[in-house]
Q: 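Here it is, the structure, as structure tokens.
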Amino acid sequence: MSPSSTPSSPAKPTKRVNPTKPAIPANPAKPTKGGTGIAGGGALWHGRFSAPPAQELMEFTESLTFDRALALEDIRGSRVHAAGLGRVGLLSPEDVEAIHEALDVVQTEMAQGTFAFHGSDEDVHTAVERRVTQLAGEAGARLHTGRSRNDQVATDVRLYAKRHLIELAHRVHKLRETLLAKAVDSGQVYLPGYTHMQRAQPVLLAHHLMAHGWALGRDQHRLLDCLRRMDVSPLGAGALAGTSLPIDPDWVAAELGFARRFDNSLDAVSDRDYVAEALFIISLLGVHLSRMGEEIVLWATEEFGFVKLPDAYSTGSSMMPQKKNPDIAELSRGKAGRLIGNLTGFLATLKSLPLAYNRDLQEDKEPLFDSIVQIKRALSAMTGMYANLQFDAQRMQAAADQPFVAATDLAEYLVTKGMPFREAHAVVGELVRSALDRRLDFAELVENHPALGPTAVKLLGEGVAVSRRTSPGGGGPGPVASQIVSYAEQLEADRKRLPVV
């Protein structure tokens with residue numbers, strides 16, 4: 001059997017677990033008391049020390065409570081690392097096979113929730129290696145050859161981030177598709193556009209929905225750009241300076257699915273730019289979802305009445321029977337603060353860290369894991385809610401047909417008659433003020449004004465103002481019809497760019 005091959009029938013597990021498919025529960029078996037490190041020999045560094053680690057040290061420095069989320073990546077990385085060692089003659093074919101069989105057992109135990117963590121397991125990497133050594137004996141003790149936990153952890157986190165950012169890109173794409181479907185279904189329904197939360201000019205509902213879609217498209221592009229930059233394998237950098245052993249990091253990088261290996265070993269083990277970048281992208285995505293959530297909160301009020309919340313995506317009150325609450329929209333708004341906090345906290349951690357690895361970098365995982373979990377849930381919930389929203393076209397259009405919403409059209413009408421825009425703006429503004437202060441009918445004021453008259457008053461008719469939004473990219477029927485085509489084309493192009501989950 002070649003060093004890089006994997007046995008078709010593991011010695012212990014009843015069935016083989018596909019290493020590329022995550023099957024690890026959110027909370028594997030909790031650590032059990034006892035155990036003294038790798039195969040009973042103490043901590044990974046026990047040879048240098050004459051006393052075992054203090055309990056306080058272990059409690060403060062442990063990361064197993066959260067880094068067990070990396071188990072899948074650690075097993076995958078260890079499998080390829082062992083194969084790479086066999087390929088260059090640092091492990092015998094028999095040792096590689098024994099390690100691979102042991103890793104199969106570990107993966108099965110993790111997937112089934114039967115893996116027994118020990119009190120001495122400082123992190124998931126220690127736990128996996130301990131169990132492999134128990135199963136494979138001396139071969140397992142050779143697994144760490146040519147590898148440090150520094151490059152091992154860096155590799156695992158990159159693999160984890162790659163896998164989840166790809167999934168996030170797919171979820172963002174799904175929400176963009178949902179917005180397009182709702183935009184197409186909305187037809188010629190229009191509503192007021194707002195600036196400063198004041199009614200401004202009317203736009204088609206499709207235009208409004210696709211405004212969110214274009215912003216989400218930028219989020220999707222940023223995720224894919226981040227994936228491209230993080231697609232570098234750190235494995236082989238060692239603790240900070242590489243190794244004297246004849247390893248082949250290029251082969252290992254290719255086997256792990258990375259585009260290339262690292263260029264500088266110091267940078268490879270200390271680089272967490274991709275974590276900070278991912279946290280920023282997730283934060284900005286969260287801000288976009290927060291804006292969408294705020295909008296639904298407002299639109300679902302009786303004061304606006306623009307949307308009816310779907311029962312399956314709403315909650316009720318424990319005291320007030322009439323209530324239907326937009327909890328998904330509110331939490332999407334609220335979670336944005338949490339995502340921003342994860343980003344800013346981690347940036348503060350990175351600030352002023354000297355090269356190369358420092359234990360501070362252990363703090364990369366919790367904010368990354370948390371942000372990924374929260375944004376995934378938000379995307380799924382918002383997609384379901386939007387897909388089932390019902391828009392009240394009558395309420396929207398009644399609000400958009402209020403006379404003052406067409407004020408800009410009146411000013412532009414005067415411009416077509418040769419009046420400078422600033423003068424036209426002032427003329428219409430005075431009419432608005434007169435209508436409000438003197439409680440006069442705005443349409444009558446327009447009709448009786450010498451510069452406006454009966455022709456201009458027709459601009460205040462139902463649906464007239466929105467139909468006059470004709471400039472490219474604008475909110476009227478003509479440009480929106482073109483926008484739907486370009487949006488759909490962009491969506492299809494972006495779908496083809498999505499990596500396979």
Side-chain angles (χ1 to χ4, degrees), residues 175-176 178-216 285-340 374-375 377-407 432 436 442 462-463 465-466 469 475 480:
L175 180 52
R176 293 173 64 200
T178 300
L179 290 170
L180 176 60
K182 299 298 281 189
V184 171
D185 289 345
S186 69
Q188 300 300 302
V189 174
Y190 55 92
L191 75 161
Y194 291 82
T195 62
H196 307 277
M197 278 309 298
Q198 305 294 313
R199 290 176 185 169
Q201 290 178 283
V203 297
L204 290 189
L205 175 58
H207 188 64
H208 192 107
L209 293 172
M210 285 188 292
H212 293 309
W214 290 111
L216 292 170
L285 172 57
V287 167
H288 289 152
L289 295 182
S290 174
R291 180 169 62 181
M292 295 170 69
E294 166 72 0
E295 186 172 272
I296 296 302
V297 170
L298 290 172
W299 286 6
T301 62
E302 290 188 31
E303 287 71 17
F304 272 80
F306 287 179
V307 297
K308 296 179 180 177
L309 296 170
D311 287 354
Y313 291 87
S314 307
T315 64
S317 166
S318 62
M319 178 179 284
M320 297 168 283
Q322 84 280 11
K323 293 291 296 297
K324 181 187 281 191
N325 299 327
D327 283 26
I328 289 174
E330 291 174 341
L331 278 174
S332 294
R333 190 176 59 185
K335 296 282 188 182
R338 180 170 176 172
L339 301 175
I340 294 168
Q374 298 305 323
I375 201 67
R377 292 173 178 172
L379 284 166
S380 294
M382 288 287 277
T383 299
M385 182 184 69
Y386 262 89
N388 292 279
L389 276 179
Q390 295 180 28
F391 296 101
D392 191 326
Q394 186 175 355
R395 287 288 294 265
M396 286 182 166
Q397 293 179 174
D401 285 331
Q402 293 299 304
F404 295 150
V405 178
V432 171
L436 292 172
F442 184 63
E462 293 182 1
V466 71
R469 312 270 72 79
V480 168

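Starting from 1, each residue takes its place in the sequence as its number.
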Q: Decide if the gap between the ring center of Phe404 and the ring center of Phe442 is smaller than 6.0 angstrom.
A: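 So the answer is yes for these two rings.
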Q: OG1 of Thr383 to CG of Leu175: how many Å apart, nearest 0.5 Å?
A: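 It comes to 4.0 Å.
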Q: Looking only at non-hydrogen atoms, find the nearest pair between Val297 and Pro326 and report the distance.
A: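 That would be CG2-CG, 4.1 Å.
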Q: Check for me whether the distance between the ring centres of His288 and Trp214 falls short of 6.0 Å.
A: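 Not close enough - the centres of the two rings lie 6.0 Å or further apart.
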Q: Could you report the tightest heavy-atom contact between Leu298 and Phe304, atom names first, then the distance?
A: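 Smallest interatomic distance, heavy atoms only, reads O-CB, 3.2 Å.
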Q: Taking Lys182 for its side chain and Leu389 for its backbone only, find out whether a donor-acceptor pair lies under 3.5 Å.
A: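 Judged by distance alone, yes, a pair lies under 3.5 Å.
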Q: Determine, stepwise, if the pair His207 / Arg469 fulfils side-chain contact (heavy atoms from CB on, under 4.5 Å).
A: CA-CA 11 Å; His207 188 64; Arg469 312 270 72 79; over 6 Å; no
Q: Any donor-acceptor pair under 3.5 Å linking the side chain of Arg338 with the backbone of Gly334?
A: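 No, Arg338 side chain to Gly334 backbone: no donor-acceptor pair under 3.5 Å.
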Q: When you compare the side chain of Glu295 with that of His212, does any pair of heavy atoms fall below 4.5 Å?
A: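 Yes; the side chains approach each other to less than 4.5 Å.
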Q: Quick one: are Met396 and Trp299 in side-chain contact, heavy atoms under 4.5 Å?
A: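 With C-beta onward as the side chain, the pair touches.
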Q: Report yes or no: does Ser380 contribute a side-chain atom to a donor-acceptor pair with the main-chain N or O of Arg377 at less than 3.5 Å?
A: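 Not a single qualifying donor-acceptor pair exists.
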Q: Show me the side-chain donor-acceptor pairs of residues 187-196 shorter than 3.5 Å, one per line, residues at least two apart or across chains.
A:
| residue | atom | partner | partner atom | Å |
| --- | --- | --- | --- | --- |
| Tyr190 | OH | Asp401 | OD1 | 3.1 |
| Tyr190 | OH | Asp401 | OD2 | 2.8 |
| Tyr190 | OH | Gly463 | N | 3.0 |

Q: Measuring from Ile328:CD1 to Arg333:CZ, what's the distance to the nearest 0.5 Å?
A: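 Separation between the atoms: 13.5 Å.
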Q: With sequence neighbours left out, write down each residue that passes side chain to side chain contact (heavy atoms under 4.5 Å, CB included) with Ala300, or none if nothing qualifies.
A: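 Once residues adjacent in sequence are excluded, the partners of Ala300 under the side chain to side chain contact (heavy atoms under 4.5 Å, CB included) criterion are Val307, Leu309.
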Q: Is Glu462 atom CD crowded by more than 12 heavy atoms from other residues, nucleotides or ligands, each under 6.0 Å away?
A: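 12 or below, so no.
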Q: So how far is it from Glu294 CD to Met197 CE, rounded to the nearest 0.5 Å?
A: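 Glu294 CD to Met197 CE: 7.5 Å, rounded to 0.5 Å.
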Q: Report yes or no: does Asp392 contribute a side-chain atom to a donor-acceptor pair with the main-chain N or O of Gln394 at less than 3.5 Å?
A: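 Flag set: sc Asp392 to bb Gln394 pair under 3.5 Å.
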Q: Looking at Met382 and Leu289, what are the two nearest heavy atoms and their distance?
A: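 Looking at all heavy atoms of both residues, the closest pair is CE-O, 3.6 Å.
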Q: Any sub-3.5 Å donor-acceptor pair from Ser314's side-chain atoms to Pro310's backbone N or O?
A: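 Yes: the side chain of Ser314 pairs with the backbone of Pro310.
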Q: Output, in order, the C-alpha distance, side-chain angles, deciding distance and verdict of side-chain contact (heavy atoms from CB on, under 4.5 Å) for Ile296 and Tyr386.
A: CA-CA 9 Å; Ile296 296 302; Tyr386 262 89; 3.7 Å; yes
Q: Sequence neighbours excluded, which residues qualify as salt bridge (Lys or Arg N to Asp or Glu O under 4.0 Å) partners of Lys324?
A: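 Asp311.
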Q: Looking only at non-hydrogen atoms, find the nearest pair between Ala336 and Ser290 and report the distance.
A: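 Distance-wise, the nearest heavy atoms are CB-CB, 3.8 Å.
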Q: Start with the C-alpha distance between Lys323 and Thr315, add both sets of side-chain angles, then the distance that settles side-chain contact (heavy atoms from CB on, under 4.5 Å), and finish with yes or no.
A: CA-CA 8 Å; Lys323 293 291 296 297; Thr315 64; over 6 Å; no
Q: Of all heavy-atom pairs between Val405 and Pro202, which one has the smallest distance, and what is that distance?
A: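 Reported closest heavy-atom pair: CG1-CD, 3.2 Å.
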Q: Is the number of heavy atoms from other residues, nucleotides or ligands under 6.0 Å of Glu302 CD greater than 12?
A: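 Not buried by this count: 12 neighbours or fewer within 6.0 Å.
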Q: Less than 4.5 Å apart, side chain to side chain, heavy atoms only: is that true for Leu285 and Leu216?
A: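 They are in contact (side-chain heavy atoms under 4.5 Å apart), so the answer is yes.
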